A.B. asks: 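Mind having a look at this structure? Questions to follow.
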Protein chains: 2
Amino acid sequence: MAIFSKTCEYAMRAVFYVAQRSHEGSRVGIKEIAEHINSPEPFLAKILQKLSREGLIQSVKGPNGGFYFDAASLNRPLANIVTAVDGDNIFTGCGLGLTYCSESNPCPLHEDFKKVRNQITHMLNHTTIGKFNMGLIKGKFTLNK
Amino acid sequence: MAIFSKTCEYAMRAVFYVAQRSHEGSRVGIKEIAEHINSPEPFLAKILQKLSREGLIQSVKGPNGGFYFDAASLNRPLANIVTAVDGDNIFTGCGLGLTYCSESNPCPLHEDFKKVRNQITHMLNHTTIGKFNMGLIKGKFTLNK
DNA sequence: ATAATAAAAGATAAAAATATCTTTTATTAT
DNA sequence: ATAATAAAAGATATTTTTATCTTTTATTAT
Ligand code: FES
Ligand code: FES
């Protein structure tokens, strides 16, 4: 069990890859994205379709078409992608799976888990989609291994 | 998507409930546990069977039988339960789902994600199975809502 | 206009996680 | 010994997640 679903992992990797290529001024086809982030192509297509419908990623059909991010989208927090794909349970849910988390009627893990949740929230709110463009271009980071 | 699998959530809740009752000197039947932690009984049975096989929880069959923890088991970290049920991905895995996490060839989230992972690890290693017994007995914590 | 390209949409399929049911085995009390 | 109890084990079912395939629609270049 990983923290994020496969769907969400693919989404985040794809988003970072497309962001980097957008920064360079290109659009990217689904095939190229899938190859570079090591994900099943048709499954990734579905994920990006969803993000596209929600306006989180830009796309154009036809020759020279593909996915890209405009300036506004590059500045969105990764949290938006996660929420679109996995919902907001990771930001608000109970660590022991109770139907809701509450301060006044907490589960045993509540105090400790809150810290974990806050750190995740901080991480996803403070990393923008375009944050790692330079690092990715310079080969400082990897998206497929 | 929650941090832990349903299986793991039920396991943790069950373990806290049984620990509390063990502290009071009782054994608890699967039915009673399932009712008190609000989980599907036969599914929970499978989970506890697994923990039992691994020696993480004690059980006896027959009349007055049920599950309980001995003193040594009460002092084990919750991490042992999580590992038995969900494996160790949550302690070592990559946040973006790459096949392994590495310092020298990191994913973009690596630095931030490491902190999250460390906090989860700390939480699960420092809470023992019996840690919340008093709080549970006094009704300070809940396991079903 | 036409042909080529690439995403969008819809329909299926496979695998994994979650859940249930039935039979067997061990333990205890009588 | 016997009957009652409760977990263990094995087989099966359902649901959700992950993955694939086919058809349609929009865009671009010629
Ligand atoms: S009640 Fe469980 S994390 Fe808040
Ligand atoms: S490489 Fe992704 S978390 Fe370490």
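In what follows, chains carry the letters A, B, and so on, assigned in the order in which the sequence lines appear, proteins first and then strands, with residues in each chain numbered from 1. Computed over heavy atoms, backbone and side chain alike; hydrogens, waters and symmetry mates excluded. Model, not experiment: these values are computed from the prediction.
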A.B. asks: Please check the phosphate of C:dT18 (OP1 and OP2 only) for any side-chain N or O of B:Thr7 closer than 4.0 Å.
C.D. replies: yes

A.B. asks: Answer yes if the side chains of B:Asp70 and B:Ser73 hold a donor-acceptor pair under 3.5 Å, and no otherwise.
C.D. replies: yes

A.B. asks: Do A:Tyr17 and A:Glu32 come within less than 4.5 Å of each other through their side chains, counting heavy atoms only?
C.D. replies: yes

A.B. asks: Starting at the 5' end of DNA chain D and moving along, which residue's nearest nucleotide shows up first, A:Arg27 or A:Glu41?
C.D. replies: A:Glu41

A.B. asks: Given that both distances must come in under 3.5 Å, which nucleotide forms a Watson-Crick or G-U wobble pair with D:dA6?
C.D. replies: C:dT25

A.B. asks: Taking any heavy-atom pair under 4.0 Å as a contact, classify B:Val85: base, sugar-phosphate, or nothing.
C.D. replies: nothing

A.B. asks: What does B:Leu48 touch in the nucleic acid at a heavy-atom separation under 4.0 angstrom: a base, only the sugar-phosphate, or nothing?
C.D. replies: nothing

A.B. asks: Would you say A:Thr128 and A:Asn75 are linked by a side-chain donor-acceptor pair, where the criterion is simply a distance under 3.5 Å?
C.D. replies: no

A.B. asks: Please check if the number of heavy atoms outside B:Lys140 that lie under 6.0 Å from its NZ is greater than 12.
C.D. replies: no

A.B. asks: Answer yes or no: does atom NZ of B:Lys114 have more than 12 heavy-atom neighbours from other residues, nucleotides or ligands under 6.0 Å?
C.D. replies: yes

A.B. asks: Hey, which sits more toward the 5' end of DNA chain C by its nearest nucleotide, B:Pro42 or A:Gly29?
C.D. replies: A:Gly29

A.B. asks: Would a hydrophobic clustering, with Ile, Leu, Val, Met, Phe, Trp and Tyr connected at side-chain separations under 4.5 Å, put B:Val60 with B:Ile47?
C.D. replies: no

A.B. asks: In whole angstrom, give the distance that lies between atom NZ of B:Lys50 and atom C1' of C:dA17.
C.D. replies: 13 Å

A.B. asks: Please report, rounded to the nearest Å, how far the C1' atom of C:dT20 is from the CD atom of B:Gln49.
C.D. replies: 13 Å

A.B. asks: Select base, sugar-phosphate, or nothing to describe what A:Lys46 touches, counting heavy atoms under 4.0 Å on all strands.
C.D. replies: base

A.B. asks: Could you state the atom-to-atom distance from CG of B:Leu44 to P of C:dA17 in whole Å?
C.D. replies: 18 Å

A.B. asks: Kindly indicate whether the side chain of B:Val15, heavy atoms from C-beta on, has any atom under 4.5 Å from the side chain of B:Leu56.
C.D. replies: no

A.B. asks: Using Watson-Crick or G-U wobble geometry with both distances under 3.5 Å, which nucleotide pairs with C:dT30?
C.D. replies: D:dA1

A.B. asks: Applying the Watson-Crick and G-U wobble criteria at under 3.5 Å, what pairs with D:dT14? Answer none if nothing qualifies.
C.D. replies: C:dA17

A.B. asks: Students should find this one: the first and last nucleotides of DNA chain D, 5' to 3', lying under 4.0 Å from a heavy atom of chain A. What are they?
C.D. replies: D:dT18 to D:dA29

